[in-house]
Amino acid sequence: MKIAFFDTKPYDRAAFEREGGEKGVEFRFFETKLNADTADLARGCDAVCVFVNDEVNAAVIDRLRDAGIGLVALRSAGYNNVDLSHAFGRVHVAHVPAYSPYAVAEHTAALLLTSLRRIHKAYDRTRDFNFSLVGLTGTELHGKTVGIVGTGKIGRIFAGICRGFGMRIVAFDPYPAQESGIAYVSLDELFAVSDVISLHCPLTPETRHLVDAEAIGKMKRGVVLLNTSRGALVDAEALLDGIKARKIGAACLDVYEEEADVFFNDLSGHILDDDLLARLISMTNVIVTSHQGFLTEEALGRIAETTVSNVRSFFDSGCVSCDNELCYRCGKIEECKGGLRRARCF
Ligand code: NAI
């Protein structure tokens, strides 16, 4: 079976070629993203494999169906780029529900330590044989309070890491984790008491701009904000204002609301059109990484393994259903995860 693989990066290929080779799945790699103009490239293939910034809207779905594509295999957990209701009756859609929560939690911790101990500044200096310590005074984590918004897989692992540093943990989640030993508080209280705030909840209409000017107003002066979840959880304009007002002590961002046309690309020879992002990056107390939290050898291996297994189970079932299918008929996506649903959906 042949899979058209869109938005290919060099780090994707090795893991997918290895995994596909073992399971009889051949990938046709395209660097371009999937959209209405590129969907025809999938002609002759049985399925497409897409990532977070590929467009799987109604027009693209219609073209894929015309091209004989039966399955859209997302190699990500998130699926906000897929029109699931339009896909119903036309193409099946599967995703990778979890690959390595440790990758993202550890990246969050790396950003926090880098920022608070000025490692990025020290690295630049010593490479230039500048061994001065002036301006590198850090802040300790021990005894500080971290507020974790969202205590799912990643949030709980990050809480464990913070506990190791001797931090006090408070959290907000509408669905508290039972027997986790985590002290849950209201969001307002979390904002008020935390020295470090880390976002680990999904992006939904409810959580969009969860951190806005009003929320920042409730935070401690000098708070460190970590966002490795989704860019639109934070109103970036309000964040910049908070930094300029010296209210936000530091910000570490692995995601950004308008990241789609910027992140994952080498724009070093270009003029950055996004003034807000350029201004944030220019701030001495802001660290930006370009949606890198997932990027570990272990996670890439698991993403390839699950995606290929999703594809195999789809074709092995006679194109009826597959593992990790997103069920757009009943809308009960959670209940259909993990290959629990085996019946024909359409
Ligand atoms: P999860 O589904 O295990 O946990 C999410 C938690 O957020 C749940 O406990 C849920 O109850 C909670 N939640 C839902 N609505 C909330 C609200 N309004 N306020 C506070 N909490 C709320 O998800 P997981 O695996 O821990 O991932 C968390 C997020 O990390 C994902 O949604 C995704 O946006 C992001 N992510 C980032 C990656 C990166 O490379 N930077 C890679 C993978 C995920």
Side-chain angles (χ1 to χ4, degrees), residues 7 9 11-12 51-53 74-82 95-112 146-162 169-180 182-191 194 197-212 215 225-234 251-257 259-260 262-264 287-303 306-307 324 326 333-338:
D7 200 11
K9 300 291 182 221
Y11 47 78
D12 292 318
F51 199 47
V52 292
N53 291 323
L74 288 152
R75 54 182 188 278
S76 62
Y79 44 84
N80 48 302
N81 52 332
V82 181
H95 73 150
V96 181
Y99 36 90
S100 177
Y102 296 97
V104 184
E106 289 174 14
H107 188 72
T108 312
L111 287 172
L112 177 60
V146 57
I148 298 178
V149 181
T151 53
K153 293 179 284 298
I154 296 171
R156 285 209 301 282
I157 292 165
F158 184 65
I161 293 172
C162 292
I169 318 251
V170 296
F172 171 75
D173 192 311
Y175 307 98
Q178 305 300 320
E179 294 172 21
S180 60
I182 293 174
Y184 286 93
V185 295
S186 69
L187 198 53
D188 278 357
E189 190 179 342
L190 182 149
F191 288 151
S194 300
I197 295 175
S198 198
L199 307 180
H200 298 289
C201 58
L203 176 63
T204 63
E206 214 176 76
T207 59
R208 202 187 126 75
H209 288 184
L210 182 128
V211 173
D212 58 8
L225 179 71
L226 309 171
N227 186 9
T228 57
S229 264
R230 284 293 178 266
L233 294 175
V234 176
C252 302
L253 312 172
D254 187 46
V255 287
Y256 171 67
E257 190 166 5
E259 70 181 48
V262 180
F263 284 12
F264 307 120
I287 298 178
V288 174
T289 51
S290 47
H291 208 137
Q292 179 187 335
F294 75 98
L295 194 64
T296 63
E297 289 290 344
E298 292 82 354
L300 288 174
R302 275 183 217 121
I303 290 169
T306 307
T307 306
N324 300 312
L326 295 165
I333 287 163
E334 292 301 325
E335 285 180 20
C336 296
K337 279 185 181 175

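Just so you know, ligand 1 is whichever comes first in the structure, and atom 1 is the first atom listed for that ligand. No experiment lies behind these values; they were computed from the predicted model shown. For reference, positions follow the sequence shown, starting with 1.
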Show me which atoms of ligand 1 lie under 4.0 Å from any heavy atom of [X].
X      : answer
Glu206 : 18 (N)
Val104 : 38 (C), 42 (C), 43 (C)
Tyr175 : 11 (O)
Tyr99  : 42 (C), 43 (C)
Thr207 : 17 (C), 18 (N)
Gly293 : 40 (O)
Gly150 : 7 (O), 20 (C), 21 (N)
Val149 : 20 (C)

Whether over 12 other heavy atoms sit under 6.0 Å from Tyr175 OH: no
Mode of Thr151 contact toward ligand 1 - side chain, backbone, both, neither (heavy atoms, under 4.0 Å): backbone
Step-by-step side-chain contact (heavy atoms from CB on, under 4.5 Å) determination, Val146 to Leu112: CA-CA 11 Å; Val146 57; Leu112 177 60; over 6 Å; no
Side chain proximity check, Pro176 to Ile182, heavy atoms < 4.5 angstrom: no
Quick test: of every protein heavy atom, which one is nearest to [atom], and how far off is it to 0.1 Å?
atom                    : answer
atom 11 (O) of ligand 1 : Asp173 OD1, 2.7 Å
atom 7 (O) of ligand 1  : Pro202 CD, 3.3 Å
atom 28 (C) of ligand 1 : His200 O, 3.3 Å
atom 19 (N) of ligand 1 : Phe172 CE2, 3.4 Å
atom 40 (O) of ligand 1 : Phe294 N, 3.0 Å
atom 44 (C) of ligand 1 : Ile154 CD1, 3.8 Å
atom 36 (N) of ligand 1 : Arg230 NH1, 3.8 Å
atom 23 (O) of ligand 1 : Lys153 NZ, 4.2 Å

Atom of [X], atom of [Y] and distance for their closest heavy-atom approach:
X      : Y      : answer
Ala159 : Ile169 : O-CD1, 3.2 Å
Leu225 : Val234 : CD2-CG2, 4.2 Å
Ile197 : Phe191 : CD1-CD2, 3.8 Å

Asp254, any N or O under 3.5 Å of ligand 1 N or O: yes
Whether Ser229 lies under 4.0 Å from ligand 1, heavy atom: yes
Whether Thr228 lies under 4.0 Å from ligand 1, heavy atom: yes
Mutual orientation of the aromatic rings belonging to Tyr79 and His95 [parallel < 30°, tilted 30-60°, perpendicular > 60°]: perpendicular
From OH (Tyr99) to NZ (Lys153), nearest 0.5 Å: 10.0 Å
Carboxylate-amine/guanidinium contact Glu259 Arg230, below 4.0 Å: no
Check against side-chain contact (heavy atoms from CB on, under 4.5 Å), Leu199 and Leu210: CA-CA 9 Å; Leu199 307 180; Leu210 182 128; 4.0 Å; yes
Ring centre gap for His291 and Phe263 strictly below 6.0 Å: no
Side-chain donor-acceptor pair present, Thr228, His107, cut-off under 3.5 Å: no
Between Tyr184 and Thr151: side-chain donor-acceptor atoms closer than 3.5 Å: yes
Identity of the nearest option to atom 16 (C) of ligand 1, non-hydrogen atoms only, from Pro174, Ala177, Pro97, Ser290: Pro174
